[in-house]
Structure formats: C-alpha cells, structure tokens
Number of protein chains: 2
Amino acid sequence: MPEAATQTYTRADEAFDCLQTAIVKGDLAPGEKIGEVELCSRFNLTRGPLREALGRLESRGLLVRRPHAGVKVVSVSADELLELYRIRETMEGLAARQAAERMTDEEVADLQATLDNHEKMIEQAQGQAYYQAEGDYDFHHRIATGSRNTKLAQMLLGDLYYMVRMYRYRLSTSSGRPHMALEEHRRIADAIAQRDGELAEFLMKRHINAARRNIETKIHNGSLTI
Amino acid sequence: MPEAATQTYTRADEAFDCLQTAIVKGDLAPGEKIGEVELCSRFNLTRGPLREALGRLESRGLLVRRPHAGVKVVSVSADELLELYRIRETMEGLAARQAAERMTDEEVADLQATLDNHEKMIEQAQGQAYYQAEGDYDFHHRIATGSRNTKLAQMLLGDLYYMVRMYRYRLSTSSGRPHMALEEHRRIADAIAQRDGELAEFLMKRHINAARRNIETKIHNGSLTI
DNA sequence: AGTCGATGGATTGTTGACAATATAATTCCT
DNA sequence: AGGAATTATATTGTCAACAATCCATCGACT
C-alpha cells in the first residue's frame with residue numbers, strides 16, 4: 001500500500017490502489033468473477049468507495065463490468081499482449097525523443113546512476129528476475145516522466161505499464177535477457193545524454209521491438225501459455 | 001444522449017455521457033469549479049452515480065479532483081494541446097499501418113464512401129466547419145477501430161479524441177483547411193486500400209503533423225488564444 | 001496596517017438500507 | 001425425458017441521511 005503522499009487519502013483511492021496491485025500481482029486472476037461484497041470484506045471497505053474504484057479501473061481497462069451481472073478481471077490474449085508492445089514501441093519512442101530534448105542534466109545523471117545500480121544488482125544476484133523487472137520499470141518510468149509530456153506520461157504510467165506488469169508477474173519471465181536489456185538501456189541513456197533525440201527514439205523502438213519478439217518466440221515455442 | 005445500444009444503461013453511464021459531452025461541448029468551461037449538488041440538479045441525478053462518473057472522468061483526465069475541495073474541469077494549455085497532437089501522430093500512424101493490414105474489404109469500401117460523402121457536404125455547405133469537424137472525427141474513428149488493436153482503439157477513442165474535440169468546439173476552428181484535409185484523407189484511404197501499411201503510416205503522420213503546425217501558427221499569430 | 005490564527009458554514013466523503021435486475025433452480029408441458 | 005417458461009434468490013444499482021474535511025470570513029495580535 002502506497003504512503004499518504006497525497007495530503008488526504010480517501011477510501012476510494014485506497015480501494016483503487018488495493019485492487020490495482022491485487023490485479024497486477026495476480027491475487028485476482030484474469031477472468032475471475034468477483035463479487036462486490038466479497039471485495040469489501042477482503043479489503044475492509046464499504047461499497048460506495050469500492051464502486052467508485054471499480055469505475056476507475058474499468059475506465060483503465062483492467063476489468064470489465066456488465067450491469068447487474070458482476071465484474072471480472074480482464075483477460076488479455078497473447079495476441080493482445082503483443083499488440084500492447086506495438087503501442088509501447090511508438091509511444092515510448094516518442095517519450096525517449098522528447099526526454100532527450102527536455103530532461104534536465106540532473107535527471108540524466110540520475111538515469112545513468114540508476115543503470116549503474118541495476119548493473120550491480122544483476123551481477124550480485126544473477127538471474128534474480130524480480131529485481132530486473134522492477135529495474136526495467138524504473139528506467140522506463142523515468143523516461144516517461146522526463147518527456148515533459150503530461151498526457152503521454154499519464155497514458156504510459158497509468159494505462160499501459162500496469163497491464164504489462166500484470167503479465168510480467170503472471171509469466172514471471174521479466175525479459176529473460178538481463179544483460180542484453182541493460183546494454184540497450186545504456187545506449188538509450190547515452191543518446192539522451194548527448195541530446196540526440198532521433199537516436200534515442202530509434203534505440204527505444206528497437207529495444208521494445210526486441211522484447212516483443214522475445215515474448216513472441218517464447219509463445220510459439222509453447223514455453224509461454226496465456 | 002446516446003441510445004441504449006448497450007442492453008442496460010445505468011445511471012452512472014448516463015451521468016458519464018452527460019458530463020463528457022458537456023465538457024466536450026464547452027457547457028462546462030475548463031477551469032470551472034463545479035459542485036456535486038449543482039450537477040445533480042442540472043442532470044437530474046443523484047450523488048452516488050454522479051460520483052462514480054466523476055471518478056471515471058478523472059481517470060480519463062477530463063477533470064481533476066482534490067479531496068474535500070471539489071472538482072473542476074481540466075484546463076489544458078496551448079503547449080499541452082500541441083503535445084496531444086504529437087501523441088496522435090505516433091499512435092494514429094500505427095493505427096493506419098495496422099488498419100491497412102487488417103481492415104476488411106467492406107470496411108475499406110465504407111471508408112472511401114465516407115470520404116465521398118464528406119466531399120459532397122463540403123461542396124454543398126462551403127466552410128461549414130461543424131460538419132467538417134465531425135467528418136474528420138468519423139474518418140479517424142474508422143481507422144482506429146479498423147486497426148483491430150483493442151487497446152490502441154480504446155486509448156484513441158476513449159482518451160485522446162475527447163480532449164481534441166473539446167478544443168475543437170472551443171476554438172471552433174476544426175482545421176480551417178477542409179479541402180486540403182480531405183485530399184490527405186483520400187491518400188491515406190488509398191494507401192489502406194492498396195494494403196500499403198508503411199505508406200499509410202507515413203501519410204497519417206504527415207497529416208496530423210500538418211494539422212499540428214496549422215494550430216501552432218495560429219497560436220503564434222495570436223488568432224488563437226487558449 | 002498587515003499577517004496569523006480561530007471559528008462557522010458549506011461541501012465532500014461515507015455509510016447503511018431499499019429497489020431493480022440477471023442468474024439459477026424449479027416446475028410444467030410436449 | 002428433454003426443453004421452455006417461471007419463480008426465487010442473490011447480487012448489483014440507487015437513494016437519502018450522517019460524519020469528516022476544507023474554505024472563507026472574522027477577529028486578534030505584531
């Protein structure tokens with residue numbers, strides 16, 4: 001549960017965060033039908049705020065609601081997951097370009113320091129997929145906010161990343177190629193540091209494209225079933 | 001008010017649609033602080049469903065809420081409006097490419113028939129900006145759904161277009177270049193008909209880029225103040 | 001006179017009870 | 001016995017009253 005970073009933290013916000021993390025972490029499985037009263041007792045909530053949170057989550061595409069019929073967690077097919085990566089490719093390419101043009105020098109330094117940190121963690125705990133996934137999220141998060149494009153950051157952080165993370169947890173495969181991904185992150189950060197927006201965009205698109213194809217082959221191999 | 005296309009139309013849906021159109025049409029001005037009870041009496045609603053709708057609208061970025069302090073319509077600066085077009089450029093480029101690969105022949109025929117219709121309307125009522133705006137929306141709508149990319153269509157139709165339309169109504173400038181825009185639409189549709197995804201993407205990006213620059217110059221001229 | 005602090009009013013957040021509807025189990029008919 | 005219509009139940013949608021919080025006005029102090 002996140003802290004009360006916002007001054008006042010309403011019950012609906014609490015419900016929203018609880019449900020979102022529960023869905024992302026897989027505590028609520030995709031396709032699962034969930035009753036309102038059950039959720040209330042589970043998270044110590046009342047139905048009013050809960051319903052408000054359900055509305056928000058439906059609006060973000062994390063669950064679907066049929067009137068009077070109940071609410072169930074969204075289940076995304078393998079094809080749709082790959083489509084998600086196609087969207088990420090274009091949007092994060094734009095984010096990288098704008099980040100190269102607009103990030104402050106401090107932000108760039110932080111970004112590269114983050115990558116140093118990731119490198120240490122990968123070397124220490126080899127193949128610790130969990131940290132790799134979080135590190136990857138951290139990197140992309142910084143670039144999204146660094147783009148100074150409010151709506152773009154909102155769409156990436158508020159919509160796409162939660163869905164991608166949901167499948168990361170379920171598949172627990174992060175990317176499966178930690179060193180490769182780190183190297184790609186490094187190159188993107190360098191391009192941003194050199195304020196080369198065009199190159200940053202190109203590298204970011206290629207990076208996400210590679211991740212997509214990685215998942216695609218795993219699915220075709222049958223080693224990944226969704 | 002839309003029809004009951006969905007089998008059951010709940011009050012919260014009604015509230016959501018009412019508020020959304022009110023915001024888009026400018027009946028609720030950006031930056032305006034609106035009280036819940038006032039909205040209830042205005043749309044003949046009760047506070048429960050209204051609050052659920054407010055949550056959804058906040059989630060979509062059409063209004064901002066501060067706990068216990070009230071809700072106000074979002075006010076987007078000129079810079080942010082231009083950023084919106086940058087996002088559209090990449091996302092709709094992708095949509096056009098995928099539409100070229102996936103639209104059925106019937107859909108392509110419908111798309112081109114739509115353009116014929118637009119041409120007639122433009123010739124008949126020269127400079128009738130309203131229809132031009134709606135026609136433009138129709139065109140882009142068809143391509144978004146034709147991409148067969150669920151999330152992409154959802155983000156375009158559910159998030160971006162409403163914001164863009166909001167400013168269209170306020171500025172009532174549609175694009176200001178109906179014949180030019182129609183010609184660009186034609187070329188995009190032709191590329192889709194020829195199943196040339198790469199070209200469709202290129203043309204769509206250029207089309208939206210032109211629209212963005214058109215707005216940009218108008219802003220710099222001072223003929224557009226937001 | 002200007003600024004800081006306290007109190008009143010209004011508005012939002014929350015709660016529990018009531019009404020409407022979809023799913024299901026049951027009964028009746030073919 | 002199988003299927004269709006029907007009733008019953010449980011779940012969702014809706015409502016109106018209660019509690020908590022913020023904003024503005026007013027007053028006191030520096």
Side-chain angles (χ1 to χ4, degrees), chain A residues 1-20 22-23 28-75, chain B residues 1-20 22-23 28-75:
Chain A
M1 253 159 285
E3 275 310 300
T6 170
Q7 291 168 345
T8 52
Y9 193 61
T10 176
R11 298 271 190 189
D13 295 330
E14 189 184 333
F16 181 75
D17 287 336
C18 285
L19 284 173
Q20 190 163 23
I23 292 173
L28 268 53
E32 185 178 351
K33 280 173 192 168
I34 46 185
E36 291 187 0
V37 286
E38 185 192 335
L39 289 177
C40 288
S41 60
R42 191 159 161 181
F43 295 107
N44 279 68
L45 291 164
T46 178
R47 280 185 59 214
L50 180 89
R51 284 179 61 79
E52 202 180 313
L54 290 178
R56 287 195 231 175
L57 288 166
E58 183 193 20
S59 185
R60 296 204 176 178
L62 280 172
L63 47 83
V64 291
R65 254 171 136 182
R66 250 183 28 210
H68 296 279
V71 46
K72 71 178 185 195
V73 181
V74 74
S75 67
Chain B
M1 255 160 285
E3 275 309 303
T6 169
Q7 291 168 345
T8 53
Y9 192 62
T10 177
R11 298 272 190 187
D13 295 330
E14 188 184 335
F16 182 75
D17 287 336
C18 286
L19 283 173
Q20 190 162 16
I23 291 173
L28 268 53
E32 185 178 349
K33 280 173 193 168
I34 45 184
E36 292 187 359
V37 288
E38 184 192 336
L39 288 177
C40 289
S41 60
R42 192 159 161 180
F43 296 109
N44 279 68
L45 292 164
T46 177
R47 280 186 59 213
L50 180 88
R51 285 179 61 78
E52 202 179 314
L54 290 179
R56 286 196 232 176
L57 288 166
E58 183 193 21
S59 183
R60 296 204 176 179
L62 280 173
L63 46 84
V64 293
R65 254 171 136 182
R66 249 182 31 209
H68 294 280
V71 46
K72 71 178 185 197
V73 180
V74 73
S75 67

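Proteins come first, then strands; the chains are lettered A, B, ... in the order of their sequence lines, and each starts at number 1.
Sorted by residue number, the members of residues 43-52 of chain B with any non-hydrogen atom under 4.0 Å from DNA chain C read B:R47, B:R51.
Considering CZ of B:R51 and CG of B:L39, their distance stands at 12.0 Å, rounded to 0.5 Å. Going from atom CZ of A:R11 over to atom CG of A:L45 covers 7.0 Å, rounded to the nearest 0.5 Å.
Between B:L19 and B:L50 the shortest side-chain heavy-atom distance falls below 4.5 Å. At least one side-chain heavy atom of B:S59 sits under 4.5 Å from a side-chain heavy atom of A:R60. A:L54 places a side-chain heavy atom less than 4.5 Å from the side chain of A:E36.
As rounded to whole Å, 12 Å separates atom C1' of D:dG13 from atom CG of A:L54. Rounded to whole Å, the distance from NZ on A:K33 to C1' on C:dA22 is 11 Å. A straight line from CG of A:D13 to C1' of C:dT12 spans 13 Å, rounded to a whole angstrom. Between the P atom of C:dT12 and the CZ atom of B:R66 lies a distance of 12 Å, rounded to the nearest Å. Going from atom CZ of B:R65 over to atom P of C:dT12 covers 9 Å, rounded to whole Å.
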Next on the checklist: For a quick check, with a 4.0 angstrom heavy-atom cut-off, what is the B/S/- contact string for nucleotides 6-11 of chain D, read 5' to 3'?
Outcome noted: ------
Next on the checklist: Using side-chain contact (heavy atoms from CB on, under 4.5 Å), reason through A:Q20 and A:L62 one step at a time and then give a plain yes or no.
Outcome noted: CA-CA 8 Å; A:Q20 190 163 23; A:L62 280 172; 4.0 Å; yes
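The pair B:R56-B:D13 meets the salt-bridge criterion, with a side-chain N (NZ, NE, NH1 or NH2) lying under 4.0 Å from an Asp/Glu carboxylate O.
Here B:R42 pairs with B:D27, B:L28, B:E38 under the side chain to side chain contact (heavy atoms under 4.5 Å, CB included) rule; sequence neighbours left out.
Contact check, A:T10 against C:dT14: a side-chain N or O comes under 4.0 Å of OP1 or OP2.
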